[in-house]
Every structure is written in structure tokens, then in C-alpha cells.
There are 2 protein chains.
Amino acid sequence: MSQGNTGVTPQVVHAQACPVREVLDRVAGKWSVQIIVAAAHGPIRFTELERSIEGISRRMLTLTLRNLERDGLLTRTVHPMVPPKVEYELTSVAYELHATLLSLTDWAERHRVTIAESRAAYDAQHSPELLDA
Amino acid sequence: MSQGNTGVTPQVVHAQACPVREVLDRVAGKWSVQIIVAAAHGPIRFTELERSIEGISRRMLTLTLRNLERDGLLTRTVHPMVPPKVEYELTSVAYELHATLLSLTDWAERHRVTIAESRAAYDAQHSPELLDA
DNA sequence: CTGCATCCTTCTTGATACTG
DNA sequence: CAGTATCAAGAAGGATGCAG
């Protein structure tokens, strides 16, 4: 544990952390998850996503959509009509991810209050610690 | 379903997406998750984290640690000794998150190959589409 | 050992305007 | 409708040096 350490622990941590990183990198953006959620109940069109997500720009919607498509998380179907119609649909892989995301959501909802309190307490103790008297 | 829509769907999507966003915002950084993983097997010191995570800068370690502490995900214990000793330990809330993260890891491991292939296929079709002949 | 302050670079995102 | 292109702003992260 001193310095003859062959480096086992770091490797283990690394081996565990990497897959998580991969997921996170893929889902990290501000919008990926919301797109997955919005598309979870069936095929959805570009404009519908744009209105559903509220706050997303056309640019980011396009970019995020492309990345998700690239990773095989959703399919893009172009319907050859005169007002163009493109539909996006989650793949089974993405549906699995969506299911998994639910445990995250659950965690967030169970602890959001606690976390908010913790944060408030922390801020109260660290910012205005000058006026203790 | 046409235009008399009162806006139910968007709201629902929003209501579901926000908690997820909260989790992600908290875990979003490159390092938060790795710190949680590294601390998952018990109290750990600053320098140990620094060596375990491999690639993290002192600056980011400190910042991320502070944020996690602020959110009540880990505790910081200062041992008053002459070489200072500070230990970080996950809280129960963080342990729950760690457990949840496992399902994400699981998803990543189950599909990492598929995703890599999908990505390769996408790239093959979109980058060099100029040399089709 | 633990950690903060400063500077600098890169990545991400938003705003805006134009096209098939 | 469904994008693409370009520009600019801001946040995240890295490098380095100093301090309790």
C-alpha cells in the first residue's frame, strides 16, 4: 500500500468507470435523453420533437438526432411526400436504455428534496460565513 | 390530435425529462461518476483519488469533490494531523446512485459492440459517400 | 498532503439566416 | 417541413504556480 503498489486498484476503478463513461458520453448532452423520452411512445417527427422539447434549437435537435442515429439508438425514416416528412423512432437498444433511465429518474425523484436541502445548507455555510459574528 | 391540442404531450415529456436532467446535470462532468465509483468501496483520500482516476487534474478533482459534497453525495472529513489527511466517503444517497449506475454500466456492456458497429456503419456511409462510383 | 487562484484552450450551445 | 451553414458566446477542462 506504500509504493510497491502494482497498481491494482486504479485499474479496477478504470475498468468499471469506462463503460459508465461511454454511456454518459453518449447521453451526456443536454438533449439526448429528452429526445429518447419524447420518442419513447412511438415514431415522432422533427417538428414534433422541436415543439415537445421546449428550448432546443433546430441546430441542436439536428445534431443530437444525428448522433443518436449514428449510435443506432434511433432510426430516421424519410417519407417522400411534398411537404417532406421524416420520422424518428427508437431502436430496441434505445428502449432498453430508456427503461434503464427510469431507475435514474426514480433516484432523482426520491432524493431531489434531500439534495436541494444539502445544497442550501452547504451554500449557507460557505458563502456567507463572513457574517457569523 | 390536430391543432386543438392543449399541449398535454409536451408537458408530459417535460415532466419526465426534468428529473433525468437533474441527475445528469449532477453527474454530467467527466469525473463525478468516476469519483463515485472510486469511493464506492469505502473512505478514500484526496491523493488516492487523484491516482486512482488517472487523467484528472488537481483542479478538477477539487471542484468535482466540492460539488459532490455540496449535493450531499459525499462527506469530507479532515483529520487534524501534521501531514493533513482528508477522507471522502459516499453518503447513502450516493450509494444508491452507485447501485443505479450499475444498470447503466450493464446496458453499456451489453450493447457496446452493437453501438460501435452501428457507428462504423454510419460513418462508412456518410463520410466517404463521395467515392461510390 | 490538500487545495485555491489564474490563465489559456477547447468543446458545446445558441442565434441567425439560407436551402431543397 | 426538415434541414444546413456560419458566427459568436460561454462553460468545461487543463496547466501551472503558490499556500496552509
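Lettering follows sequence order; numbering is per chain, from 1.
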Any donor-acceptor N/O pair, [X] side chain to [Y] backbone, under 3.5 Å:
| X | Y | answer |
| --- | --- | --- |
| B:Trp107 | A:His98 | no |
| B:Ser118 | B:Thr114 | no |
| B:Thr91 | B:Gly72 | yes |
| A:Thr64 | A:Ser32 | no |

Hey, which sits more toward the 5' end of DNA chain D by its nearest nucleotide, A:Thr47 or B:Ser57?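 Nearest-nucleotide comparison on DNA chain D picks A:Thr47.
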
Within residues 58-81 of chain B: residues closer than 4.0 Å to DNA chain C (heavy atoms):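 Heavy-atom cutoff 4.0 Å gives B:Arg58, B:Arg59, B:Thr62, B:Arg66, B:Arg76.
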
Is the shortest side-chain heavy-atom distance between B:Val23 and A:Thr105 below 4.5 Å?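 Contact flag for B:Val23/A:Thr105 side chains = no.
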
Rounded (10°) bend between the five-pair end axes of the helix from C:dC1-D:dG20 to C:dG20-D:dC1: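 Between the axes fitted at each end of the helix from C:dC1-D:dG20 to C:dG20-D:dC1 lies an angle of 50°.
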
Between atom CD of A:Glu109 and atom CD of B:Glu22, what is the distance when rounded to the nearest 0.5 Å?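 CD of B:Glu22 is found 8.5 Å from CD of A:Glu109.
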
Which pair of heavy atoms, one from [X] and one from [Y], lies closest together, and at what distance?
| X | Y | value |
| --- | --- | --- |
| B:Ile56 | B:Glu50 | CG2-O, 4.1 Å |
| B:Leu73 | B:Ala94 | O-CB, 2.9 Å |
| A:Leu90 | A:Ala40 | CD1-CA, 3.7 Å |

Between atom [atom1] in [X] and atom [atom2] in [N], what is the gap in whole Å?
| X | N | atom1 | atom2 | value |
| --- | --- | --- | --- | --- |
| B:Glu50 | C:dT2 | CD | P | 9 Å |
| B:Tyr88 | C:dC1 | OH | P | 14 Å |
| A:Glu54 | C:dG14 | CD | C1' | 15 Å |
| B:Glu87 | C:dC1 | CD | P | 14 Å |

Please determine whether a side-chain nitrogen or oxygen atom of A:Lys30 lies at a distance below 4.0 Å from atom OP1 or OP2 of C:dG14.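 Yes, within the criterion.
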
Check A:Thr62, A:Leu61, A:Asn67 against A:Leu65 for a side chain to side chain contact (heavy atoms under 4.5 Å, CB included) and give me the one that passes.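 Of all the options given, the one that passes is A:Leu61.
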
With a 4.0 angstrom cut-off to heavy atoms of chain B, pull out the first and last contacting nucleotide of DNA chain D, in 5'-to-3' order.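 Contact boundaries, 5' end first: D:dG13 to D:dG20.
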
Look at B:Asp106 together with B:Arg110 and state whether they make a salt bridge at an N to O cut-off of under 4.0 Å.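 Yes.
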
Using heavy-atom distances to pick each residue's nearest nucleotide on DNA chain C, tell me which of B:Arg45 and A:Gly29 is more 5'.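 On the 5' side of the pair lies B:Arg45.
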
